[in-house]
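For the numbers below, each heavy atom of this structure counts, side chains included, while hydrogens, waters and symmetry mates do not. Bear in mind that the values here come from a model prediction, so they are computed numbers and not experimental data.
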Amino acid sequence: MASISLKNIFKVYPGNVTAVHDFNLEIEDKEFIILVGPSGCGKSTTLRMIAGLEEITKGELFIGDKLVNDVAPKDRDIAMVFQNYALYPHMSVYKNMAFGLKLRKVPKDVIKQKVEEAAKILEIESLLERKPKALSGGQRQRVALGRAMVRDPAVFLLDEPLSNLDAKLRTSMRTEISLLHKRLGTTFVYVTHDQIEAMTMGDRIVVMKDGFIQQVDTPQNLYENPCNLFVAGFIGAPQMNFITAIVEKAGDGFAAKFGSSTLPLLPSRISPDTASKYEGKEVTVGIRPENLLVASLNPDLKEAAGITVNVELAELMGAETYLYGEVNGFNLIAKIPQFHNPKPGEAMDFVIDCQKIHLFDKETEMRLV
């Protein structure tokens, strides 16, 4: 049983600096959960408290049914993979992977079997006699994973394990770690500041900011239903566009007006009762770049609002183009098909899919539903 339960966890450093505030989370057995957020949000501190490398100031931490607040790291049945790999430079790959088992006085034949099995899974069999300095970054990361695997831990803790790798290798290692999780059937807790890693790997994602949990949800729900402005802006690449608009009555319904543009507010996005409370007030409208659509390609789109964007920059990304522009004093990013490559200064007509806009309270920054 490798479930993890964090109940009202606080971490306070000297000088009354609180790094983690009232952290509550239930991690299920065999779940792959990701802690994500900007630097300094408390995600690595939380992981280190689970590992026992940081003392918990207040609250209770259970691994399985056991309270482990005062249990030493070596007795928690966890294995941790660090950002900098933490390999012994004077030891071969084999000895690095075997070291933890040797300290536990595991028989040599069992060590050999476990190391060779892990090396086969990670495709590093040919590297067992090499020293870390003779390995690439991706190979070192595989060795660090292998060293954790041979212990058969109940929980894997991974602290930004891909941040030192180049972009291409990060992509392939993401896939390898996801497949490894499925193969091992073990609980994974993974820390990253990269929202693409979080979206592609996790069963659930914990979004953190300033030591507080903002939202815990599946990748799809985080993307489609962010609970506040921070989560909406953090999840998604390119990030969501934000526009300040005023809610006005429009016939039997309501609309959001910014500059000369008007967006119908559909009941599916905000209830009429809620909209009426905001009549005459400012709200923040969130629009994903892919929901800004080229008007000429979407002539029959229903529930849409037209805007004209003044193009400032176009980035060709291969299959698509990121278009940076301005409308009514607001900067916008659109993700459009690759075929069109507008010139700076050109005006382009777009339609906004009003079924997919997001609305946030201007002061609390919470989503209006």
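- Side chains of N310 and E326: a donor on one and an acceptor on the other come within 3.5 Å.
- Using modelled atom types, one side-chain atom of K43 and one backbone atom of G37 make a donor-acceptor pair closer than 3.5 Å.
- Ring geometry, F360 versus H358: the interplanar angle falls under 30°, so the pair is classed parallel (tilted spans 30 to 60°).
- Under the 3.5 Å distance criterion, the side-chain polar atoms of T364 are matched with a main-chain donor or acceptor of M366.
- Grouping the Ile, Leu, Val, Met, Phe, Trp and Tyr side chains by contacts below 4.5 angstrom, directly or via other members, places V369 apart from Y278.
- Both I357 and L332 sit in one connected hydrophobic cluster of ILVMFWY residues. Membership requires side-chain heavy atoms under 4.5 Å apart, directly or through other members.
- Remark: side-chain polar atoms of R288 are not paired, donor with acceptor, to backbone N or O of P238 under 3.5 angstrom.
- E160 and Y190 form no side-chain donor-acceptor contact under 3.5 Å, judged by distance and modelled atom types alone.
- Rounded to the nearest 0.5 angstrom, T308 OG1 and M348 CE are separated by 10.0 Å.
- Judged purely by atom type and a 3.5 angstrom limit, N241 uses its side chain to pair as donor or acceptor with the backbone of I287.
- One side chain, N328 or S261, offers a donor N or O that lies under 3.5 Å from an acceptor on the other.
- Both cation-pi conditions hold for K249 and F254: the charged atom is under 6.0 angstrom from the six-membered ring centre and inside a 45 degree cone around its axis.
- Applying the side-chain hydrogen bond (donor to acceptor under 3.5 Å, both in side chains) criterion to S92, with sequence neighbours excluded, gives no partner residue.
- Atom CD of E26 is surrounded by more than 12 heavy atoms from other residues, nucleotides or ligands within 6.0 Å.
- Every pair passing salt bridge (charged side-chain N to carboxylate O under 4.0 Å, His left out) that includes a residue from residues 46-55 is listed here, sequence neighbours excluded: K11-E54, R48-E54.
- In this structure, V231 and P226 approach most closely via the heavy-atom pair CG1-CB, 3.9 Å.
- Here the rule is side-chain contact (heavy atoms from CB on, under 4.5 Å) with T46, and of I56, L6, I9 only L6 fits it.
- A donor-acceptor contact shorter than 3.5 Å is absent between the side chain of T18 and the backbone of V20.
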| How far apart are the C-alpha atoms of K120 and E116, what are their side-chain angles, what is the distance that settles it, and do they pass the salt bridge (Lys or Arg N to Asp or Glu O under 4.0 Å) test? | CA-CA 6 Å; K120 186 176 181 180; E116 288 177 351; over 6 Å; no
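- In terms of heavy atoms, V150 sits closest to K114 at O-CD, 3.4 Å.
- With 3.5 Å as the limit, one finds no donor-acceptor pair spanning the side chains of N291 and D353.
- For the residue pair E282 / T244, no side-chain donor-acceptor distance below 3.5 Å is found, with atom types taken as modelled.
- By the criterion of side-chain heavy atoms lying less than 4.5 angstrom apart, applied directly or through intervening Ile, Leu, Val, Met, Phe, Trp or Tyr residues, V207 is not grouped with F242; the two fall into different hydrophobic clusters.
- For the pair R140 and L135, the tightest heavy-atom approach, listed with the atom from each and the gap, is NE-O, 3.3 Å.
- Residue K335 qualifies as enclosed at atom NZ: its count of foreign heavy atoms under 6.0 Å is above 12.
- A donor-acceptor pair under 3.5 Å links the side-chain atoms of T57 to the main chain of V12, judged by distance alone.
- The line from CG of D361 to NZ of K281 is 8.5 Å long, rounded to the nearest 0.5 Å.
- Geometrically, R204 does not engage F32 in a cation-pi contact defined by less than 6.0 Å to the ring centre and at most 45° from the axis.
- With hydrogens and angles disregarded, no donor-acceptor distance shorter than 3.5 Å links the side chain of N221 to the backbone of P219.
- Annotation: the span from L47 atom CG to D159 atom CG amounts to 5.5 Å, rounded to 0.5 Å.
- At distances below 3.5 Å, at least one donor-acceptor pair connects side-chain atoms of E31 with backbone N or O atoms of E28.
- In summary, the side chains of Q214 and N228 do present a donor paired with an acceptor at a separation below 3.5 Å, with no hydrogens or angles considered.
- Figure legend: K209 and F234 shown without cation-pi pairing, the cationic atom not lying both under 6.0 angstrom from the six-membered ring centre and within 45 degrees of its axis.
- Looking only at distances, a side-chain donor or acceptor of N96 sits under 3.5 Å from a matching main-chain atom of M91.
- In this structure, the side chains of V216 and I205 stay at 4.5 Å or more apart for every pair of heavy atoms.
- For the residue pair S271 and T274, a side-chain donor N or O sits within less than 3.5 Å of a side-chain acceptor on the partner.
- With no hydrogens or angles considered, no side-chain donor-acceptor pair links D29 and S3 at under 3.5 Å.
- Residues T186 and A154 approach most closely at CG2-O, 3.0 Å, considering heavy atoms.
- Atoms CE and CE, on M149 and M97 in that order, are 7.0 Å from each other to the nearest 0.5 Å.
- The CD1 atom of I63 sits 5.5 Å away from atom CD1 of I4, with the distance rounded to the nearest 0.5 Å.
- Here the side chain of R151 pairs no donor or acceptor atom with the backbone of R147 at under 3.5 angstrom.
- Only one option out of I333, V327, I352 pairs with L292 in a side-chain contact (heavy atoms from CB on, under 4.5 Å); it is I352.
- For the pair R142 and E176, the salt-bridge criterion is met [side-chain N within less than 4.0 Å of a carboxylate O].
- When all heavy atoms of G202 and I34 are compared, the pair lying nearest together is CA-CG1, 3.6 Å.
- Note that CD of Q215 and CD1 of I235 are 8.5 Å apart. Values are rounded to the nearest 0.5 Å.
- Residues V283 and F330 fall within the same hydrophobic cluster, defined by Ile, Leu, Val, Met, Phe, Trp and Tyr side chains chained together at heavy-atom separations under 4.5 Å.
- What you find for V68 and R76 is that their closest heavy atoms are O-NH2, 2.8 Å.
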